[in-house]
Amino acid sequence: MSESQLLKVRREKLDKLRELGVNPYGGKFETTHVPGVLRANFEEEKTVRVAGRIVALRDMGKSQFFDIADLDGKIQCFLNQKAVGEETFEVFKQLDIGDWIGIEGETFITRMGEPTVKAVSITVLSKSLRPLPDKWHGVTDPQIRYRQRYLDLISNERSREVFKLRSQMVAAMRAFLQERGFLEVETPMLQDVPGGAAAQPFQTHHNALGMDLYLRIAPELFLKRLLVGGFTKVFELNRNFRNEGISRRHNPEFTMLEAYWAYADFEQMADLVEEMICSLAETFCGGLLIEHKNEEGEVTRTINLSRPWKRTPYVDLVRGAGGDDFFYLTPEGRRERCAELGVEVSPEMEDYEVVQQVFEKLVEEKTFDPCFVTHVPKELVPLAKQNPDNEAVVDVYELIINGVEISPGYSELNDPLVQRERLEHQAGEETQKIDEDFLLALEYGMPPAGGIGVGIDRLIMMLTGAESIRDVVLFPQLRRKEE
RNA sequence: GGACGGGUAGCUCAGUCGGUAGAGCAGUUGGCUUUUAACCAAUUGGUCCUGGGUUCGAGUCCCAGCCCGUCCA
């Protein structure tokens, strides 16, 4: 049947409900239970009121079985023509899969052992005018899954699980930090100078002020101002925006946790992150072995989060991939080695970028169990303290899990003169803008501090086994749909 | 930007060598008072992504384009 015919049938049922004196878009309905919990903690012979969307309908003539569900689960309901009377039965006949209804009834267990609510009365809460996706396969078309996420949530159990887990994990991270005395703050998303990272910003304009503004690419420089102001443990967990490519691992708006801890250093921050992620895994993933599965349910990758996590200097990892003599080669020699190893480098790259390319292709992308990469070249990280024993590297970690960087952590640079110098002498293709107000703040004195960023979307991907960032972001950015 | 894969009913998908456009689900009608991917019988439903081309004949082959996905840059 064509779509228009399907819609017509539902409109006719809508009209019929009104003829029967039923408001198809009812209001308040008090419930005693939610479907999933009622089913999980089932007791017989109780009078209950539950509400949900009809997701399955088994018509046996005078007896009707149907499932009502919401995000958290479903419960079977039973309706008998004789028991509810002709009028209610006639109303029920106008209902379809997709409609929201409230049920008052008594609980019992069927011959087949299914916990069920025997309806005494039904209340129509919302008539659905469109057919739902395939009841067994759900929606698979990525266009529909992302543009009409509600259909994905209604019809795909896995999608419901992932987004519930995400919400619970984010709440748990907030609680984890709050328990340790960190205060959550909100700093500007509209910034005059987009700082704290090297990335293309989105530009916008404030009419009343007559000035261009940028959506933030990171909250870092504002959180550090708060350290200057006396916040000693502070975090922000919210959106950043980067005007760059979209891919399996990139959405233009993404969620970042940043936390700063005065008087700490990057190693304490590594401990903190390690503990936080492990506690998430133990609470929500049943332990420290994270299994990623394909559509057939076969395990395709197992990530072992057992502690302690490896901590290895950057140069050791690069040497392991590029050869023991890698750092004794001339810069030209390193480029030749890259060619031998199949690592593509462009002629414009600085030497440290060539090295970084080896790191990204041969180390990062192949590291799945957690590894804190330490002693990173200072050129890559302009906002971190230099190592006291080796001025060429900074006191930071970059945490790699699942082949991607999940979290950086720094001993934050708090020397205003060195900070200015480092920002003004950045090299390479990715440079940060200089925020003079931030440098001014540093001149008033920022306590030494450890800082971290945690890419929440990638962390959720790692913990849930999602293949694409679009599977952990409710409404990922898509091209405008042309009509 | 390049390579590869995909686009067929509301949804999930088949479609052989180029020869009348198919199934399951959903819908409709009938049957059935404890079913559960309910079942049984019947039935409706198509811009085969778009535009060209080859051909007696194109969902299928060729060309161009659009959209989606993955990988690469």
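Every chain is numbered from 1, with letters handed out A, B, ... down the list of sequences. Everything quoted here is computed from the prediction, not taken from an experiment.
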With side chain to side chain contact (heavy atoms under 4.5 Å, CB included) as the test, pick out the partner of Met169(A) among Thr283(A), Leu463(A), Ile277(A). Leu463(A)
Looking only at atom [atom1], what distance separates [N] and [M], rounded to whole Å?
{"N": "U12(B)", "M": "G7(B)", "atom1": "C1'", "value": "14 Å"}
{"N": "G6(B)", "M": "C61(B)", "atom1": "P", "value": "10 Å"}
{"N": "C25(B)", "M": "U34(B)", "atom1": "C1'", "value": "24 Å"}
{"N": "G18(B)", "M": "A58(B)", "atom1": "C1'", "value": "6 Å"}
{"N": "U54(B)", "M": "U60(B)", "atom1": "C1'", "value": "13 Å"}

Within the 4.0 Å limit for protein heavy atoms, which parts of nucleotides 44-51 of chain B are touched? Write it as a string from 5' to 3', B for base, S for sugar-phosphate only, - for none. BB------
Can you check each nucleotide of nucleotides 35-43 of chain B against protein heavy atoms at under 4.0 Å and return B for base, S for sugar-phosphate only, - for none, in 5' to 3' order? BBBB-----
With both distances kept under 3.5 Å, what pairs with [N], Watson-Crick or G-U wobble?
{"N": "G59(B)", "answer": "none"}
{"N": "U34(B)", "answer": "none"}
{"N": "A14(B)", "answer": "none"}
{"N": "U70(B)", "answer": "A3(B)"}
{"N": "A9(B)", "answer": "none"}

Sugar-phosphate, base or nothing in reach of [X], heavy atoms under 4.0 Å:
{"X": "Arg470(A)", "answer": "sugar-phosphate"}
{"X": "Lys361(A)", "answer": "sugar-phosphate"}
{"X": "Arg248(A)", "answer": "sugar-phosphate"}
{"X": "Lys13(A)", "answer": "sugar-phosphate"}
{"X": "Glu344(A)", "answer": "sugar-phosphate"}

Positions of residues 31-49 of chain A (non-hydrogen atom under 4.0 Å from RNA chain B), listed by number: none
Indicate whether OP1 or OP2 belonging to [N] is found under 4.0 Å from a side-chain N or O atom of [X].
{"X": "Arg479(A)", "N": "C68(B)", "result": "yes"}
{"X": "Thr140(A)", "N": "C13(B)", "result": "yes"}
{"X": "Lys93(A)", "N": "U28(B)", "result": "no"}

Could you tabulate the donor-acceptor pairs under 3.5 Å formed by side-chain atoms of residues 320-329 of chain A, not counting sequence neighbours?
| from | atom 1 | to | atom 2 | distance (Å) |
| --- | --- | --- | --- | --- |
| Asp325(A) | OD1 | Arg337(A) | NH1 | 3.0 |
| Asp325(A) | OD2 | Arg337(A) | NH2 | 3.1 |

Report the residue from Arg248(A), Arg166(A), Arg249(A), Arg470(A) that forms a salt bridge (Lys or Arg N to Asp or Glu O under 4.0 Å) with Asp457(A).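 Answer to the salt bridge (Lys or Arg N to Asp or Glu O under 4.0 Å) test with Asp457(A) among Arg248(A), Arg166(A), Arg249(A), Arg470(A): Arg166(A).
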So which one's nearest nucleotide on RNA chain B is more toward 5', Ser4(A) or Tyr146(A)? Ser4(A)
Which residue lies more 5' along RNA chain B, comparing Arg10(A) with Lys118(A) via nearest heavy atoms: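 On the 5' side of the pair lies Arg10(A).
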Atom [atom1] of [X] and atom [atom2] of [N]: how far apart are they, to the nearest Å?
{"X": "Leu79(A)", "N": "U34(B)", "atom1": "CG", "atom2": "C1'", "value": "13 Å"}
{"X": "Glu12(A)", "N": "U29(B)", "atom1": "CD", "atom2": "P", "value": "10 Å"}
{"X": "Asn80(A)", "N": "C32(B)", "atom1": "CG", "atom2": "C1'", "value": "13 Å"}
{"X": "Glu348(A)", "N": "A73(B)", "atom1": "CD", "atom2": "C1'", "value": "13 Å"}
{"X": "Gln357(A)", "N": "C72(B)", "atom1": "CD", "atom2": "P", "value": "12 Å"}
{"X": "Arg145(A)", "N": "C11(B)", "atom1": "CZ", "atom2": "C1'", "value": "14 Å"}
{"X": "Asp96(A)", "N": "U28(B)", "atom1": "CG", "atom2": "C1'", "value": "11 Å"}
{"X": "Gln143(A)", "N": "C66(B)", "atom1": "CD", "atom2": "P", "value": "16 Å"}

Let's go through Glu157(A) and Arg160(A) carefully: what are the C-alpha distance in whole Å and the side-chain angles of both, what is the deciding distance for salt bridge (charged side-chain N to carboxylate O under 4.0 Å, His left out) to 0.1 Å, and is it a yes or a no? CA-CA 5 Å; Glu157(A) 165 84 31; Arg160(A) 289 194 290 275; 3.1 Å; yes
Check step by step if salt bridge (charged side-chain N to carboxylate O under 4.0 Å, His left out) holds for Asp369(A) and Lys310(A). CA-CA 9 Å; Asp369(A) 290 345; Lys310(A) 217 166 45 168; over 6 Å; no
Looking at every non-hydrogen atom in both residues, tell me the closest pair between Tyr314(A) and Val376(A) and how far apart they are.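 Minimum heavy-atom separation between Tyr314(A) and Val376(A): CB-CA, 4.1 Å.
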What one should report as the nearest heavy-atom pair of Leu125(A) and Ala51(A) is CD1-CB, 3.8 Å
Side-chain contact check for Ile144(A): nearest option of C11(B), U33(B), C68(B) is C11(B)
Out of U33(B), A26(B), U70(B), which nucleotide sits closest to the side chain of Lys62(A)?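 Among the listed nucleotides, the one closest to the side chain of Lys62(A) is U33(B).
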Sorted by first residue and then second, give each ring pair (Phe, Tyr, Trp, His ring centres under 6.0 Å) pair with at least one member in residues 123-168 of chain A; sequence neighbours left out. none
Hey, are [Y] and [X] close enough side-chain-wise for a donor-acceptor pair under 3.5 Å?
{"X": "Gln357(A)", "Y": "Glu353(A)", "value": "no"}
{"X": "Asn402(A)", "Y": "Arg458(A)", "value": "no"}
{"X": "Arg58(A)", "Y": "Gln76(A)", "value": "yes"}

For the residue pair Arg49(A) and His33(A), establish whether any side-chain heavy-atom pair is separated by less than 4.5 Å.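 Not in contact.
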Using side chain to side chain donor-acceptor pair (under 3.5 Å) as the criterion, list what pairs up with Lys16(A), not counting sequence neighbours. Glu90(A)
Tell me if the aromatic rings of Tyr410(A) and Phe266(A) count as close, with their centers under 6.0 Å from one another.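 No, too far apart.
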